[in-house]
Number of protein chains: 2
Amino acid sequence: MLSESDKKILRILQQEGRITNHELAARCGMSPSACLERLRRLRERGYILGYAALLNPEKLGQPLLIFIEVTLDRTTGDVFREFAEAVRGRPEIVECHMVAGGFDYLLKLRMPDMTSYRTFLTHLAEMPGVRETRSYPVIEEVKSGVALPL
Amino acid sequence: MLSESDKKILRILQQEGRITNHELAARCGMSPSACLERLRRLRERGYILGYAALLNPEKLGQPLLIFIEVTLDRTTGDVFREFAEAVRGRPEIVECHMVAGGFDYLLKLRMPDMTSYRTFLTHLAEMPGVRETRSYPVIEEVKSGVALPL
DNA sequence: GCGCCAAACCGAAGGATCTTCGGGTTCTCT
DNA sequence: AGAGAACCCGAAGATCCTTCGGTTTGGCGC
């Protein structure tokens with residue numbers, strides 16, 4: 001289903017998404033045309049979802065990284081849908097995962113400073129169904145990658 | 001420090017990292033050469049860290065997304081350094097953040113299935129300084145992006 | 001062994017793209 | 001007004017993409 005050459009291509013593209021096809025082919029030990037054909041099929045079959053530029057949060061005024069655990073009121077079944085909808089409307093929420101365990105949602109945020117974080121907390125408390133939140137500011141990013149193990 | 005044109009370029013590149021310079025210039029309403037010059041400076045000044053292909057975790061046999069909170073023994077000061085070092089050696093750990101709050105580290109994992117997760121837990125328990133862990137399997141990914149708000 | 005087929009590969013070539021360069025425009029400050 | 005900086009444009013050679021026909025490789029049945 002996925003040859004060793006394909007994996008090598010994906011591994012390289014995870015690190016250098018804008019590498020030229022020539023360079024990619026050279027590193028994989030094949031011709032550009034063969035490499036391009038593999039690449040085309042990988043994208044067609046859904047292995048590659050897209051490409052993204054990785055920006056520097058600090059340079060762009062978003063140095064604060066914060067995780068927030070959110071617990072909802074379980075009064076109605078629509079609460080989860082409404083909360084998820086509200087999350088999509090807030091760009092500072094980079095990630096939002098519904099989890100099994102002691103709480104309902106785990107949020108990942110990028111923020112300029114503590115003041116804007118304070119304002120966000122009041123907005124969060126007003127979002128539909130929110131009963132309780134616990135915040136965890138990130139002190140040090142030991143590992144922060146988009147790369148999957150292959 | 002960062003013009004409106006620059007922001008527009010960054011916004012587009014976050015969504016489509018492999019867009020051609022021609023297309024990018026057209027969408028920003030400028031000539032390809034002007035656009036390329038801005039792009040070059042954005043990269044040079046550290047606003048753009050790099051580019052990455054976004055792969056499909058399910059197609060690549062890593063459908064499980066799990067967060068784990070880790071608490072360490074505070075016996076020695078080296079514990080944090082040793083733990084961070086061990087984390088770097090495990091590719092299934094996609095992210096690792098040292099946080100302030102009720103625990104010490106928050107891990108984000110990609111896993112093939114519950115069996116491999118079970119084996120990982122034993123490895124995790126054997127990592128230096130680990131006292132306690134709490135796992136939160138992700139049921140639904142409401143939002144999972146790399147895009148920063150601009 | 002032998003022929004057949006599919007899959008993968010290669011190299012060439014036309015078309016598209018990148019990237020540099022010289023020059024023009026706009027704006028500000030003196 | 002004049003100088004200079006910052007920004008922009010269009011042209012042109014170099015590079016790259018992408019398609020195409022032909023070749024090799026590796027099964028598979030006869």
Side-chain angles (χ1 to χ4, degrees), chain A residues 1-63 112 145-150, chain B residues 1-63 112 145-150:
Chain A
M1 198 67 186
L2 204 62
S3 76
E4 199 52 47
S5 298
D6 291 324
K7 286 192 213 166
K8 197 181 286 185
I9 289 177
L10 292 179
R11 258 193 295 266
I12 294 175
L13 279 180
Q14 279 196 126
Q15 307 295 333
E16 302 175 49
R18 243 188 156 174
I19 191 176
T20 67
N21 186 50
H22 268 76
E23 175 76 14
L24 182 62
R27 285 208 217 163
C28 294
M30 62 175 93
S31 76
S33 53
C35 188
L36 195 71
E37 170 63 13
R38 286 190 175 276
L39 195 57
R40 189 188 61 76
R41 270 168 38 196
L42 283 172
R43 163 163 270 250
E44 220 168 45
R45 295 181 184 173
Y47 288 94
I48 301 177
L49 299 176
Y51 299 89
L54 304 178
L55 307 187
N56 190 334
E58 280 135 39
K59 290 287 254 178
L60 291 164
Q62 312 274 348
V146 290
L148 260 58
L150 296 179
Chain B
M1 197 67 186
L2 203 61
S3 76
E4 199 54 45
S5 298
D6 290 325
K7 287 192 210 165
K8 197 181 286 186
I9 289 176
L10 293 178
R11 258 193 295 266
I12 293 175
L13 279 180
Q14 278 195 129
Q15 307 296 333
E16 302 174 50
R18 242 187 157 174
I19 192 175
T20 68
N21 187 48
H22 269 77
E23 174 77 13
L24 182 62
R27 285 208 217 164
C28 295
M30 61 174 97
S31 75
S33 52
C35 188
L36 195 72
E37 171 62 14
R38 286 191 175 275
L39 196 57
R40 190 189 60 76
R41 269 166 39 195
L42 284 171
R43 165 164 268 248
E44 219 167 45
R45 295 181 184 174
Y47 288 94
I48 300 176
L49 299 175
Y51 298 88
L54 304 178
L55 307 186
N56 190 335
E58 279 134 40
K59 290 288 256 178
L60 290 164
Q62 312 274 348
V146 291
L148 261 56
L150 296 178

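A note on names: the letters A, B, ... follow the listed sequences, proteins ahead of strands, and every chain is numbered from 1.
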Please list all pairs passing the salt bridge (Lys or Arg N to Asp or Glu O under 4.0 Å) test where one or both residues lie in residues 22-33 of chain B, with sequence neighbours left out. B:E16-B:R27, B:E23-B:R27

With sequence neighbours left out, what residues match B:R40 under salt bridge (Lys or Arg N to Asp or Glu O under 4.0 Å)? B:E37, B:E44

Residue list, side-chain hydrogen bond (donor to acceptor under 3.5 Å, both in side chains) with B:Y47, at least two apart or on another chain: none

Would you give the length of the straight line joining atom CD of A:Q14 to atom CG of B:L55, rounded to the nearest 0.5 angstrom? 4.0 Å

Quick check: do A:L2 and A:L42 have side-chain heavy atoms less than 4.5 Å from each other? yes

Apply side-chain hydrogen bond (donor to acceptor under 3.5 Å, both in side chains) to A:R38 and list each qualifying residue two or more places apart in sequence or on a separate chain. A:S3, A:D6

Please enumerate all residues that pass side-chain hydrogen bond (donor to acceptor under 3.5 Å, both in side chains) together with B:T20, with sequence neighbours excluded. none

Could you work out, with side chain to side chain contact (heavy atoms under 4.5 Å, CB included) as the rule, every residue matching A:P63, not counting sequence neighbours? A:E58

Which residues in residues 23-52 of chain A have at least one heavy atom lying under 4.0 Å from any atom of DNA chain D? A:S33, A:L36

Axis-to-axis angle between the two ends of the helix from C:dG1-D:dC30 to C:dT30-D:dA1 (five base pairs per end, rounded to 10 degrees): 30°

Where does the chain B footprint on DNA chain D start and end, counting 5' to 3' with a 4.0 Å heavy-atom cut-off? D:dC7 to D:dG10

side-chain N/O B:H22 vs C:dA16 OP1/OP2, d < 4.0 Å: no

Which residues pass the side-chain hydrogen bond (donor to acceptor under 3.5 Å, both in side chains) test with B:S33, not counting sequence neighbours? B:S31

Taking only residues two or more places apart in sequence, or in another chain, which ones meet B:A26 in a side chain to side chain contact (heavy atoms under 4.5 Å, CB included)? none

Please give, in whole Å, the distance from C:dT17 P to B:R18 CZ? 14 Å

